[in-house]
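Encoded as structure tokens, the structure appears first; notes follow it.
In the text below, chain A, chain B and the rest are named by the order of the sequence lines, each starting its count at 1.
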Amino acid sequence: MNPHHQQWLRLATAARQAPDDRDETAPFGFATRVAALGLLAPAAVLPRAVFEKFALRGLFAACALSAAAAAFGYSAFTSEQETEAVAGDTVTEVLAQS
Amino acid sequence: MLLMADETFDLAGCLERVRARDQTAARELVEHLYPLVIRIVRSHLPRRVAEEDLAQDIFLKMFTRLAQYQGSVPFTHWVSRIAVTTCIDQLRAQKRRPEFRWADLSENEAEVLDNVLSDTTAETPSDSMAARELVGKLLDQLSPADRTVIQMLDLEQKSVAEISALTGWGQSMIKVRAFRARRKLQKLFQELRNQEKS
């Protein structure tokens, strides 16, 4: 093992042995103050939650748009096809001329 | 201490009441989690930040994000993660790191360091309090993320998997950070040795 790493590990081992007798209970009034502040604070909103909120609306809008596009596009497409079919038929053209 | 208290404390019930905006339950929750949070704060405490202020920040984050807790991990793990990331954010906010010089060490710290640098035996230095102070000063020289990794690996003796769960970093990233931090510590020891000689 690297001698410097050994030195660090010996130091860390010694540091771990240091007693820590500091009080771990909440100071007087801390919990009451933090609880009051915590319940007053507005809930944090995740960026994902914003996306989810608008994603559903976006989906509805996209569905409505595609339905509208299909409806209008289909009628335009079918009328165009009928015109083309009539224009390409030579019998109809001859009959129309006579 | 927290584990003993866990046996009697109804955490699920308390969380339910906190979600219903019960202030007494919120106070009980803070009192119950305080030992866990303050231990994390004390081990990662950034310089010049009062531990109580940092603990308060952590609890406020916990309350504001409570709706996001889905119960996929134990609640104490979830709170620990908030505590660790808050400490790292505080360390990042303190961009300047004090210079580390042999001359700035206390008599006891210098003695411990001298013992570590010169003594080739495997004995650990006897003054553990001075060793802890010295370790804190050495860790101050590392970047916040590297410091956190070394603190958890070498001082708290956590596994890479545990660190990954607490920080959200990948295991390979933790190993890279540990390698980088130890290399920096090695450089620091070298510099100190040179300063001691001069």
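- Legend: residues meeting side chain to side chain donor-acceptor pair (under 3.5 Å) with B/Lys158, ordered by chain and number and at least two apart, are B/Glu156.
- Heavy atoms closer than 4.5 Å to chain A are found nowhere in B/Glu133, neither backbone nor side chain.
- For the pair B/Met129 and A/Ala18, the tightest heavy-atom approach, listed with the atom from each and the gap, is SD-CB, 3.9 Å.
- Under the side chain to side chain donor-acceptor pair (under 3.5 Å) criterion, B/Gln56 pairs with A/Arg33, not counting sequence neighbours.
- For a residue to count as touching a neighbouring chain, one of its non-hydrogen atoms must lie under 4.5 Å from one of that chain's; by this rule B/Glu51 touches chain A with the side chain only.
- The part of B/Ile150 that comes within reach of chain A is its side chain, from C-beta onward, which places non-hydrogen atoms under 4.5 angstrom from that chain.
- Both the backbone and the side chain of A/Asp20 come within less than 4.5 Å of a heavy atom in chain B.
- Partners of B/Gln171 under the side chain to side chain donor-acceptor pair (under 3.5 Å) rule, at least two apart in sequence or in another chain, do not exist in this structure.
- Of all residues spanning residues 15-23 of chain B, those with a heavy atom less than 4.5 Å away from chain A's heavy atoms are B/Val18, B/Arg21, B/Asp22, B/Gln23, arranged by number.
- Among the candidates B/Asp154, B/Leu60, B/Val30, the residue making the largest number of heavy-atom pairs closer than 4.5 Å to chain A is B/Asp154.
- The part of B/Ile38 that comes within reach of chain A is its side chain, from C-beta onward, which places non-hydrogen atoms under 4.5 angstrom from that chain.
- At a 4.5 Å heavy-atom cutoff, B/Ala25 makes no contact with chain A through either its backbone or its side chain.
- Taken to the nearest 0.5 Å, the CZ atom of B/Phe63 stands 9.5 Å off from the CG atom of A/Leu37.
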